[in-house]
Amino acid sequence: MGMVAAEREELKQCRALVAKLYDIRKSRENPSARKEAIICLVGATSGALNLSVCLL
Amino acid sequence: MPVVIDGVFFFSLAGKSALIKALVRIPYDDDSTVTVSRKAHTTLFPSMHKVEDDVDSVLHFCDLPGTHGVMPSGATTPQFLEDLKSMVNDCCAHADIVLYCFSHNAVLDYMRDDIREMAAARPPENTVPVLTKSDIHLRGYSAKKNDELLLKMQRDLNSPVKVFSTSVLGYDPEDEANYGNVRQEGVVELREYLLRRLNEMRLLPPSFIERLRSGEYNNSIMWTTVSLTGAAAATALVATNPVAASSALAVLTNYVAAPTAAGLGAVLTATTIIASTLFRASTRR
């Protein structure tokens, strides 16, 4: 089963973020670049657990 | 005849968005930058926010999806979580500090593995485990028992950094009983730790760090949310990281009418709020 659009979009945005963070880190090689620091918050678990409960 | 009940069975959200708001003193009802939602990362996307001062110093906060447990709502492929985890780890690899947020009263194997992976990418004291929603997990026990539990979590995580416990209530509009009645525990201590680490790393000017500590923001410090797009990914990745770009072939395929580098700025949308608003937040606590 292929990915749905939402999945593709979420992954794309993660890739965009990786690229942006890479740029920020890379800019530190330039002493005259602005001062930047990065804090990432990552969750241990993904969202809500959706269950389909079948009652016979 | 079978009856199918499809619904949310329980929540395992870590409350990262509310924690960001509390750490930088965004008003609970200001949804123009960080939105607090119980379904945030089941349906939404990674987000990036920044605090910026008048001498062009910037503190970025990246709010990343959780990657373990169950498929986010709407996801269909098991590979999705693997891909997501890989990219979240790539994001964390660029971070100066990672807050590993969990909302369990026990440490599971994958959490220990996560901490180990994240700590390998930076000084060990810059991977910070945070037990969120401590009002749920620590209530009913004495302070001594809670300290023992947090110490055990730290040992189980094999973390050189203590487990910070935070509770941030009043930010979730879906939580009608508490919305607007802002209560925080552990936020000041965590903020102090982060600012101390940032100060020791000398990434930001001391004057900026001091303002973040005191909450005495002025009109020259801005809070901004940047929304990311797939187009930005394609453009920026090719421009900056050819190796990663090769793995992002799918992105390029989807954006074959690819934007130019100049288009990158156009697809980054920003909402800016002067930080005098932020300062007011500290008075609402």
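As a basis for the values below, the full set of heavy atoms in this structure was taken, side chains included, without hydrogen atoms, waters or symmetry mates. By convention in this document, chain letters (A, B, ...) are assigned in the order of the sequence lines, proteins followed by strands, and residues within each chain are numbered from 1.
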Could you list the donor-acceptor pairs under 3.5 angstrom formed by side chains in residues 31-42 of chain A, with sequence neighbours left out?
{"unit_1": "Ser32(A)", "atom_1": "OG", "unit_2": "Asn30(A)", "atom_2": "OD1", "d": "2.8"}
{"unit_1": "Ser32(A)", "atom_1": "OG", "unit_2": "Asn30(A)", "atom_2": "ND2", "d": "3.4"}
{"unit_1": "Arg34(A)", "atom_1": "NH1", "unit_2": "Glu52(B)", "atom_2": "OE2", "d": "3.1"}
{"unit_1": "Arg34(A)", "atom_1": "NH1", "unit_2": "Asp56(B)", "atom_2": "OD1", "d": "3.2"}
{"unit_1": "Glu36(A)", "atom_1": "OE1", "unit_2": "His60(B)", "atom_2": "NE2", "d": "2.6"}

Approximate separation, where rounding is to 0.5 Å, of Leu64(B) CG and Cys14(A) SG: 7.0 Å

Heavy-atom contact with chain A under 4.5 Å, split by part of Leu19(B): side chain

Heavy-atom pair with the smallest gap, counting every atom of Leu17(A) and Cys62(B): CD1-SG, 4.0 Å

Neighbourhood of chain A inside residues 195-203 of chain B, taking heavy atoms under 4.5 Å as contact: Leu198(B), Leu203(B)

side-chain hydrogen bond (donor to acceptor under 3.5 Å, both in side chains) partners of Asp156(B), counting only residues at least two apart: Lys152(B)

Spacing of Met87(B) atom CE and Arg15(A) atom CZ [to the nearest 0.5 Å]: 4.0 Å

Partners passing side-chain hydrogen bond (donor to acceptor under 3.5 Å, both in side chains) against Asn89(B) (at least two apart in sequence or in another chain): Glu117(B)

Asp96(B) vs Arg28(A), salt bridge (charged side-chain N to carboxylate O under 4.0 Å, His left out): CA-CA, chis, key distance, verdict: CA-CA 12 Å; Asp96(B) 299 300; Arg28(A) 291 181 185 167; 2.6 Å; yes

